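Encoded as structure tokens, the structure appears first; notes follow it.
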Amino acid sequence: MANFGNQHNEETLTIIENFIPKIKQCLHNTDYQEREDLEQEIKLKIIEKLATVRFQDAPSFWDFFS
């Protein structure tokens with residue numbers, strides 16, 4: 001079970017790393033003093049959302065015909 005948690009953490013970090021360029025781009029519209037706090041809040045919201053979303057396997061080709 002510990003391996004699952006570690007894998008989940010790695011996947012979460014990968015997702016956040018993929019969002020960093022877009023977050024940084026959007027933060028240019030924010031006051032310089034507020035950027036770091038807002039960046040942390042955005043990352044926190046991503047983590048919270050990932051914890052609530054139930055991921056499922058994508059349907060296969062044959063699932064559409066059944």
Side-chain angles (χ1 to χ4, degrees):
M1 191 59 92
N3 188 23
F4 174 75
N6 189 28
Q7 180 182 359
H8 178 70
N9 290 339
E10 290 176 12
E11 291 171 351
T12 301
L13 287 174
T14 302
I15 291 169
I16 290 174
E17 287 173 359
N18 288 334
F19 274 103
I20 286 177
K22 183 64 176 171
I23 292 171
K24 297 280 189 193
Q25 179 184 7
C26 293
L27 288 175
H28 287 291
N29 299 329
T30 307
D31 290 337
Y32 181 76
Q33 296 85 358
E34 303 291 328
R35 288 182 187 174
E36 188 174 334
D37 289 339
L38 185 56
E39 182 177 354
Q40 289 177 2
E41 283 294 320
I42 292 170
K43 290 176 182 177
L44 180 62
K45 291 296 179 186
I46 292 171
I47 292 169
E48 288 174 355
K49 194 52 147 175
L50 288 173
T52 62
V53 174
R54 188 175 132 201
F55 293 97
Q56 299 176 354
D57 291 331
S60 70
F61 175 77
W62 298 109
D63 289 336
F64 289 107
F65 295 106
S66 54

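No experiment lies behind these values; they were computed from the predicted model shown. Scope of the values below: all heavy atoms of this structure, side chains included, with no hydrogens, waters or symmetry mates. Position 1 is the first residue of the sequence, and the numbers go up from there.
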Hey, could you give me the CD1/NE2 distance between Ile23 and His28, rounded to the nearest 0.5 Å?
12.0 Å
With Tyr32, which residues qualify under ring-ring contact (aromatic ring centres under 6.0 Å, His included), at least two apart?
none
Rounded to the nearest 0.5 Å, the NZ atom of Lys49 sits from the CG atom of Leu44 at a distance of 13.0 Å
Can you pull out every salt bridge (Lys or Arg N to Asp or Glu O under 4.0 Å) where at least one residue sits in residues 36-45? Sequence neighbours excluded, please.
Lys24-Glu39, Glu39-Lys43, Lys45-Glu48
Could you list the residues that satisfy side chain to side chain donor-acceptor pair (under 3.5 Å) with Thr14, not counting sequence neighbours?
none
To the nearest 0.5 Å, atom CD1 of Ile47 lies from atom CD1 of Ile16 at 3.5 Å
Please identify each residue that fulfils side chain to side chain contact (heavy atoms under 4.5 Å, CB included) with Asp31, with sequence neighbours left out.
Gln33, Glu34
Under the side chain to side chain contact (heavy atoms under 4.5 Å, CB included) test, which residues partner Leu13, sequence neighbours left out?
none
Using the rule that two of Ile, Leu, Val, Met, Phe, Trp, Tyr join whenever any of their side-chain heavy atoms come within less than 4.5 Å, decide whether Leu38 and Phe19 are in one cluster.
yes
Between atom CD of Glu10 and atom CD1 of Ile15, what is the distance when rounded to the nearest 0.5 Å?
12.0 Å
